[in-house]
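The next block holds one structure in the form of structure tokens; read it before the comments.
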Amino acid sequence: MDNSYFCRDQLKVLAAGFGVMLDETALDRFAVYAQKLVDWNEKINLTAITDPEGITVKHFADSLAVFQYADIPQNAKVIDVGTGAGFPGVALLIARPDLKLTLLDSTKKKLTVIEDILSALGLQAETLHARAEEAAKRAEYREQFDFATARAVANLRELSEYCLPFVRKGGRFISMKSAKTDEEIDGAKKAIAVLGGKIEAVNAFSLADAGERTVIMMKKISQTSPKYPRPSAKIAKYPLA
Ligand code: SAM
């Protein structure tokens, strides 16, 4: 096992701090994931973070921080919207291979990378090449998930319109943000209510020495009107504010 692409012990400690006990199989998988990220990044632009400590803290641990705040039951259905190189989705799956995970992105080549990574990890997940606002109109995805996650995809108001329609009533949307979010949350409150969501908690924490992070938890309290999500141009032009 080549551990030179990430910091194995550091990840174990950081994950334990989030209540996640990574076993040797999971740590081996993170080692493979880190190597694949660096290799693929030479061919296509996936991430600006490629140093071992950056991958460990800013990608892997940051993704696993979700478990601090979300109690995700066995076999839960999770969709990671705008997954890119697999964050947080693939990291969550390594820690919890029982999850029924869908990895959605509008960029086909990123999903090609994800499929190669999943195959190297020996893990199963559905990859879905679509724009979120289109996939959420399809019956097989609409209100079918216990959880939706998204990190670094869009402003919270737009993101809520992309993500809340995937979540079943009683399920949750977890939005992962790096910067301070008060204004962004204020600007999204009306949209969240219109889409059937409710903010349950805004959890701020420090991620090792990588700065502040915020995990926003929303609960789906009523069905989303079939009017939503709208096409992305409309979402941008007519904000739900
Ligand atoms: N979540 C990953 C992370 O945190 O590293 C990737 C973040 S990257 C900045 C944003 C990703 O969202 C890109 O891969 C992009 O293709 C995808 N994306 C943006 N808008 C989208 C949409 N409307 N539907 C599906 N994917 C979208």
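Just so you know, ligand 1 is whichever comes first in the structure, and atom 1 is the first atom listed for that ligand. Bear in mind the structure is a predicted one, so any value in this text is a computation, not a measurement.
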Note to self: Give the atom numbers and elements of ligand 1 that come within less than 4.0 Å of a heavy atom of G84.
What the structure shows: 6 (C), 14 (O)
Margin query: Please list, in number order, the atoms of ligand 1 under 4.0 Å from a heavy atom of K110.
Written below: 13 (C), 14 (O)
Checklist line | Heteroatom proximity flag, S106 to ligand 1, N/O under 3.5 Å | finding: yes
Check: Nearest to atom 6 (C) of ligand 1, what protein heavy atom do you find, and at what distance?
Finding: G82 O, 3.3 Å
Next item on the list: Within a distance under 4.0 Å of any heavy atom of L104, pick out the atoms of ligand 1 and give their elements.
Entry: 25 (C)
Next item on the list: Please determine if D105 and R131 form a salt bridge, counting it only when a charged side-chain N lies under 4.0 Å from a carboxylate O.
Entry: no
Next item on the list: Answer side chain, backbone, both or neither: which part of E133 comes under 4.0 Å from ligand 1, heavy atoms only.
Entry: side chain
Next item on the list: Under 4.0 Å, heavy atoms only, figure out whether ligand 1 is touched by the backbone of A130, its side chain, both or neither.
Entry: backbone
Check: Are E143 and K220 within salt-bridge range, i.e. N to O under 4.0 Å?
Finding: yes
Margin query: We want to know whether D80 and T149 form a side-chain donor-acceptor pair, criterion being a heavy-atom distance below 3.5 angstrom.
Written below: yes
Notebook entry, point to check: Would you call E126 and K77 a salt bridge, taking side-chain N to carboxylate O under 4.0 Å as the test?
Noted result: no
Next item on the list: Show your working on side chain to side chain donor-acceptor pair (under 3.5 Å) between S106 and K110 and close with a plain yes or no.
Entry: CA-CA 9 Å; S106 55; K110 293 196 178 164; over 6 Å; no
Margin query: Taking the basic N atoms (NZ, or NE/NH1/NH2) and the acidic carboxylate oxygens, is any pair closer than 4.0 Å for E184 and K177?
Written below: yes
Notebook entry, point to check: Any idea which protein heavy atom is nearest atom 14 (O) of ligand 1, and the distance to it?
Noted result: D105 OD2, 2.7 Å
Notebook entry, point to check: So if you build clusters from Ile, Leu, Val, Met, Phe, Trp, Tyr with side-chain heavy-atom gaps below 4.5 Å, do F166 and M217 land together?
Noted result: no
Checklist line | Protein contact of atom 4 (O) of ligand 1 - nearest heavy atom, named by residue and atom, plus distance | finding: R151 NE, 2.6 Å
Next item on the list: Tell me which protein heavy atom sits closest to atom 24 (N) of ligand 1, plus the residue, atom name and distance to 0.1 Å.
Entry: A132 N, 2.8 Å
Notebook entry, point to check: Can you tell me which residue and heavy atom of the protein come closest to atom 19 (C) of ligand 1, and the distance to 0.1 Å?
Noted result: V153 CG1, 3.9 Å
Margin query: Check for me whether the distance between the ring centres of F60 and F30 falls short of 6.0 Å.
Written below: yes
Notebook entry, point to check: Does any N/O atom on A152 come nearer than 3.5 Å to any N/O atom on ligand 1?
Noted result: no
Notebook entry, point to check: Between V81 and ligand 1, which part of the residue brings a heavy atom under 4.0 Å of the ligand: side chain, backbone, both or neither?
Noted result: neither
Margin query: Regarding R168 and D146, does a basic nitrogen lie under 4.0 Å from an acidic carboxylate oxygen?
Written below: yes
